[in-house]
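Here is the structure we will look at.
Both backbone and side-chain heavy atoms feed into the values below; hydrogens, waters and symmetry mates do not. Counting starts at 1 for both ligands and their atoms, in listed order. Only a predicted model underlies this, so the values are computations on that prediction, with no experimental measurement involved.
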Amino acid sequence: MTITEPTTTATDLDAARADLRARLLGDGVLIDLGSPGLYGRSGVFERVYQAVDAAAVRSQADLDADVLRFPPVEPLASFERTDYIASFPDLAAAISAFTGDDRTHRALLAARERGERWESFLEPADLMLTPAVCHPLYGLLTGTLPAGGRTFDIVGDSFRREPSLDPMRLQAFHMHEFVHVGTAASARAHRDGRIARLRETLESFGLEIDVVPANDPFFGRVGQMLARNQVEQALKFEFVTPVYGPDHEPTAISSANLHEDHFGTSFGIRTADGDVAHSACLAFGLERITIALFARHGSDPVSWPANVRAALAL
Ligand code: AMP
Ligand code: ZN
């Protein structure tokens, strides 16, 4: 009997990730900040990143979305209502701040002097790092929507506590979202109706794209049920690309997500007809798309194929 060895292993994948990371750092595209998944970015990275963002915006221009921008932190009260902590406690992160007096400050400095950790002297500041850039939106919509609902263009910082040496998995990153809040039908139409356009946009960058049901890393035992539900109900699709070659699982660089009435219920948002509002968003993962481009076409955009440069107006 012949035993067939699997052709690839987790170690191969780790090696492929380490290779890409080493290349991006070696070519100076990314700069290591000394904590896994936190990078500085060079001018070349920034040029491609801005071109990706501008192309993403062009591809959704017909939505005529209202532009909104938020800070990278959100009030604890609005974070609470998203229920994020129930599904992804391990990815969430809070801000702490020093609120003590002179005595506590001296104790902090003494601990620091002894080489000990001093963060325990800080207190929760009722602020959370925003994990998904559409979250601060829903609290602004409490009440009744106009007929036809509303569509928003939101780009901003996301933080997720998932330190990794995979250069595709950052702790601090950006997504550009196109969010619709309206009826059950208009939310579904927003999600489903734009999948083809989003796919074409990513393909025009010379990336090989597949659209697959998402399988988010919901936490714990209850999380396994939520993950099953997400797949069975086809709530979310991901646009994946084989950054590490055809033998390894491809990476999600964008997503199309239907929340049904989750945010409508939590934030008290109603449609013009008085029903609970539904919502959906398309999210371009800006760093992931940018890094997928460097992985696919090399570290120097000047040598990228002409059609890719044209699609990106680079
Ligand atoms: P999600 O809300 O999980 O669908 O995230 C939207 C998009 O953000 C994903 O499709 C990814 O492109 C990107 N993204 C999610 N997590 C990370 C991460 N840890 N590092 C970089 N990009 C990410
Ligand atoms: Zn969203």
Checklist line | Of the listed options Ala292, Ala256, Ala252, closest to atom 9 (C) of ligand 1 (non-hydrogen atoms) | finding: Ala252

Item checked: Closest to atom 7 (C) of ligand 1 among Gly285, Ala132, Cys134 (heavy-atom distance) -> Gly285

Should [X] be counted as touching ligand 1, given the test is an N or O pair under 3.5 Å?
X      : result
Ser254 : yes
Ile253 : yes
Arg169 : no
Leu170 : yes
Lys236 : yes

Check: With ring centroids as reference points, do His105 and Phe121 lie under 6.0 angstrom apart?
Finding: no

Notebook entry, point to check: Backbone, side chain, both or neither: what part of Glu162 comes under 4.0 angstrom of ligand 1, heavy atoms only?
Noted result: side chain

Note to self: Below 4.0 Å, non-hydrogen atoms only: which portion of Arg160 touches ligand 1? Side chain, backbone, both or neither.
What the structure shows: side chain

Note to self: Could you check whether any heavy atom of Met168 sits closer than 4.0 Å to an atom of ligand 1, since that is the contact criterion I want to use?
What the structure shows: yes

Check: Is the distance from the Zn ion (ligand 2) to some N, O or S atom of His135 under 2.8 Å?
Finding: no

Notebook entry, point to check: Any N/O/S atom of Cys281 sitting less than 2.8 Å from the Zn ion (ligand 2), backbone or side chain?
Noted result: yes

Notebook entry, point to check: Of all N, O or S atoms in Glu177, which has the smallest distance to the Zn ion (ligand 2)?
Noted result: OE1

Check: More than 12 non-hydrogen atoms from neighbouring residues, nucleotides or ligands closer than 6.0 Å to CZ on Arg296, yes or no?
Finding: no

Next item on the list: Determine yes or no for a side-chain-to-main-chain donor-acceptor pair under 3.5 angstrom, with Glu46 supplying the side chain and Arg41 the backbone.
Entry: no

